[in-house]
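What follows is a short report on a single structure.
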Amino acid sequence: MLWSFQGIKAQHKIKMENQAEIAAITDAVENYYFKGIYEGDVMRLGSIFQPGTFVYGDVKGQPYFKTVDFYLDGVKNRQSPKDSGKPFKGEILEIKVLNSIAIAEVNVKIYDFNYRDFLSFHKINGKWIIVNKMLTDVSK
């Protein structure tokens, strides 16, 4: 019986530690990723990506691949959702953390697209940074 109790206590401790990390990742996604995309602020958006990060996926059934620099250039050279007046909605669906790595599954509705993004994070020097982005267009 004692063993079961200790197991529950240990699981609770891990869960509590992850809550702080999940809160930090949530802040990064909401205040840098979503806000950067919405405002077209490439300085803000770029600050959450590790240099050299790749962006992979598909858009309307077509393969999509860019380096983060090319991705940010595209954000810079398009009208931001904020300036366009078109709807934008970013939503965090799930965050999973294990030690210094994490995955955030998010949904981004922008213009006529509805993207599902999988953002891979790594905690570097105490800061959660996106090290890989995968996306797919789930618009139907």
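The environment of Asn77 atom CG is dense: over 12 non-hydrogen atoms of other residues, nucleotides or ligands sit within 6.0 angstrom. Counting non-hydrogen atoms of neighbouring residues, nucleotides and ligands closer than 6.0 angstrom, the CZ atom of Phe34 exceeds 12 such neighbours.
At least one side-chain heavy atom of Tyr33 sits less than 4.5 Å from a side-chain heavy atom of Val106. Residues Phe113 and Leu135 are not in side-chain contact: their nearest non-hydrogen atoms beyond the backbone lie 4.5 Å or more apart. Using a 4.5 Å heavy-atom threshold, the side chains of Val138 and Asn107 count as touching. Counting heavy atoms from C-beta outward, Ile95 and Phe121 have side chains that stay 4.5 Å or more apart. Contact annotation: the side chain of Thr136 never approaches that of Phe118 to less than 4.5 Å [non-hydrogen atoms, C-beta and beyond]. For the pair Ile103/Ser120, a side-chain contact is recorded, criterion being any heavy-atom separation below 4.5 Å from C-beta on. Between Ile129 and His122 the shortest side-chain heavy-atom distance does not fall below 4.5 Å. Within the 4.5 Å cutoff, the side chain of Trp128 has no heavy atoms near those of the Leu119 side chain.
Partners of Asp41 by side chain to side chain contact (heavy atoms under 4.5 Å, CB included), not counting sequence neighbours, listed by chain and number: Glu39, Met43, Arg44.
Residue Val68 comes nearest to Gly52 through the heavy atom pair CG1-N, 4.1 Å, listed as atom of the first residue, atom of the second, then distance. What you find for Ile37 and Pro81 is that their closest heavy atoms are O-CD, 3.4 Å. For the residue pair Gly40 and Ser80, the shortest heavy atom distance occurs at N-CB, 3.7 Å. What you find for Asn99 and Val97 is that their closest heavy atoms are O-CG1, 3.9 Å.
At a cut-off of 3.5 Å, with distance as the only test, no side-chain donor of Tyr64 or Asp137 sits close to an acceptor on the other residue.
Between Tyr38 and Phe88, the ring planes lie tilted relative to each other; the angle falls in the 30° to 60° range. Using cut-offs of 30° and 60° for the angle between ring planes, the Tyr56 and Phe54 rings count as tilted.
In terms of hydrophobic clustering, with Ile, Leu, Val, Met, Phe, Trp and Tyr side chains grouped at heavy-atom distances under 4.5 Å, Val131 and Ile48 are assigned to different clusters. Under the 4.5 Å side-chain heavy-atom criterion for Ile, Leu, Val, Met, Phe, Trp and Tyr, Met134 and Leu45 are members of distinct hydrophobic clusters. Put simply, Tyr32 and Val75 are part of the same group of oily side chains (I, L, V, M, F, W, Y) that touch within less than 4.5 Å, one to the next.
To the nearest 0.5 angstrom, Lys86 atom NZ is 11.0 Å from Ile110 atom CD1. Between the NZ atom in Lys109 and the CD atom in Glu91 there is a gap of 7.5 Å [rounded to 0.5 Å]. Rounding to the nearest 0.5 Å gives a distance of 11.5 Å between CG of Asp117 and CD1 of Ile92. Tyr115 contributes atom OH, which lies 9.5 Å from atom CG of Asp58 (distance to the nearest 0.5 angstrom).
The side chain to side chain donor-acceptor pair (under 3.5 Å) test with Tyr71 singles out one residue from Lys133, Lys76, Lys66, and that residue is Lys133.
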